[in-house]
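In what follows, a single structure is set out as structure tokens and then discussed.
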Amino acid sequence: MAQSEALPADGHTLSAPAPVRRAPAQPQRTGVAHLLTNTAPGRLVLAVSVPVLLLILWQLAGRGTGSLFGGVLPTPDRVWAAWQTWAFGQAGLGLNPYSGTWLSNVLYSAQRVGQGFALATLIGVPFGILIGWNRLAAGTFDPLIQVLRPIPITAWLPFSIAVFGIESMGAVFLIALGAFYPIVINTTAGTRGVEKNWIRAALMMGARPSDILLRVILPASLPSVFTGLRIGLGIGWTAVIVAEMVAVKSGLGYVLWDAYYIGRMDVVIADMASIGLLGYLSDRLILALEHWLLGWRRLQSFQN
Amino acid sequence: MSLIAFNGVSKTFSGKTAVRALADVDLTIQEGEFVALLGPSGCGKSTLLNLLAGFEPLSDGDLTFDGQTVARPGPDRGVVFQEASLFPWLTVWDNITFGPRVQRQSKADYEGRAREMLRLVGLEAFKDALPAQLSGGMRQRVGIARALVMNPRALLMDEPFGALDAQTRLTMQQLLLDVWQTLGIAVLFVTHDIDEAVLLADRICVMSARPGRITREIPVELPRPRSIDSLITPEFMAYKGMIMTDMKVAHGAH
Ligand SMILES: Nc1ncnc2c1ncn2[C@@H]1O[C@H](COP(=O)(O)OP(=O)(O)O)[C@@H](O)[C@H]1O
Ligand SMILES: [Mg+2]
């Protein structure tokens, strides 16, 4: 890590000359490719190009009948119309059971994911730190977690229904369980990766065990914790849909299965798109939180 | 009574193959004395320093600091690590005040002193910077300031300038000389650089490896205050020549 004093200190210092920075040789930065990858509108165009193309092809393939595969797959315009009715139609009116229920179903699912994910975080992070920090805890809980982890959350469904019934709590349980594993495992890895000299420095400065835990180990393992949170949240969305399809009578997963049963494939597709949208937005939320909390880390990786 | 006293101290690391890192070390350091520990890499310098810091238990012998047996790390022995080992998520100011804060000192008690240390190492302008925004030399200044802010009786430095480029190292050596001449606390300074040892220390303890032991103690009677200009005086050269011969002999004996 040999470095020059690149930043000027006070007059008291012998400042070494700033290192010469040469731009690496690069091809001429012009043309469409450069615009598409290096400007915000260009990147947006690039990102939406394939989805838009697919939507157009899909629409064109189903023109005439308004569907593909012999009436199974409705075209995008019909999905869009179904979604509008689902979202903004009057509730409880006419023959459409979904009219106007989009928001409430979104909220049901989001709330379950929120509760299960919060539970997984509140248990998983302290547990992960404990396992990473304490050999006794590691010896006790690590094997248990490693054995339980390969059981997919779908395999827990009958158990969950038997214990919690057809209730929201069953979904929350499955989400919490699914999200718990990546959170606890990544937190443990982060805790084990804390530099020994950080702990020694803190001890040297008179830190108590609780200070070491909260002021050194926790911030130092936070980058890994966030990796676990992001994976856990993804699993949480999978779990909520599975649970609602089978074990709860509300939410996006319930609508998905119910709409399929009564042959409303337009609602099915709109539902799938809604799940994708929510998953994406919640991931952005975690990313924003990470961005805010781990500013120091971004600086570091920019430097080195 | 000496501030620091190693009395027949040995250290063996157990493991698949036990490593005898230190054998029967006797070393005393007085209040305010600057002692350099000089030896090739792997000879046990860090081990000796870590024992005194309280990071590792001894295998044999006894080790006292200010008359008390060393049992654990503490703010009376400020440690400066080779790579500074600052907390990358804290600003320069928060790194420096970490010690006083975990010791539950009141802000009024430590703020003035922390500011003074920041000034002493020339980093007032970088109070709010993060470690990643600093050069290696500046990070090491923070490392020194955070150790000094606790008013330690001794400063333990493990090759603190070893990773810096030559010019920055000179700057830091000058800074350390100035700081030491201002504060007058005991320093145990680990290095493998003969120039550095002669320039800084009152006494040089030369170590040899396998098992690590102190083979010779050489008092350095160059006049104080010293500065990096001393590096080219004939007296300095004489000391350097003497130590180089000495280390060659020690090396040849193996
Ligand atoms: N934690 C440890 N476990 C086993 N061996 C160690 C450990 N720390 C140091 N050693 C060994 O002890 C010897 C002295 O190491 P060290 O004190 O780091 O030397 P130096 O600082 O002089 O380079 C080396 O042979 C090293 O491999
Ligand atoms: Mg060493």
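Below, chain A is the first sequence line, B the second, and so on; all start at residue 1.
Within residues 204-222 of chain A, the residues approaching chain B closer than 4.5 Å by heavy atoms are, in numerical order, A:M204, A:M205, A:G206, A:A207, A:R208, A:D211, A:R215, A:V216, A:P219, A:A220.
The local environment of CZ in A:R284 is sparse, with at most 12 non-hydrogen atoms from other residues, nucleotides or ligands closer than 6.0 Å. The environment of CZ in B:F13 is crowded: more than 12 heavy-atom neighbours from other residues, nucleotides or ligands sit within 6.0 Å. Around the NZ atom of B:K107, the shell of radius 6.0 Å holds no more than 12 heavy atoms that belong to other residues, nucleotides or ligands. More than 12 heavy atoms of other residues, nucleotides or ligands lie within 6.0 Å of CG in A:L144, so this atom counts as buried by the packing criterion. For CD1 of B:I232, the number of neighbouring non-hydrogen atoms (other residues, nucleotides, ligands) closer than 6.0 Å is 12 at most.
Heavy atoms of B:E56 lying under 4.5 Å from chain A belong exclusively to its side chain. For B:R104, the part sitting under 4.5 Å from any heavy atom of chain A is the side chain, from C-beta outward, and nothing else. Heavy-atom distances place no part of B:D76 under 4.5 Å from chain A, backbone and side chain included. Neither the backbone nor the side chain of B:L156 comes within contact range of chain A; no heavy atom of the residue lies under 4.5 Å from a heavy atom of that chain. Only the side chain of B:F81 comes within contact range of chain A, judged by heavy atoms closer than 4.5 Å.
Among pairs with a residue in residues 147-174 of chain B, those fulfilling ring-ring contact (aromatic ring centres under 6.0 Å, His included) read B:F161-B:F189, at least two apart in sequence or across chains.
Of all heavy-atom pairs between B:F87 and A:W198, the closest is CE2-O, 3.5 Å.
Of the inter-residue distances, the one linking B:F55 atom CZ with A:I199 atom CD1 reads 11.0 Å to the nearest 0.5 angstrom.
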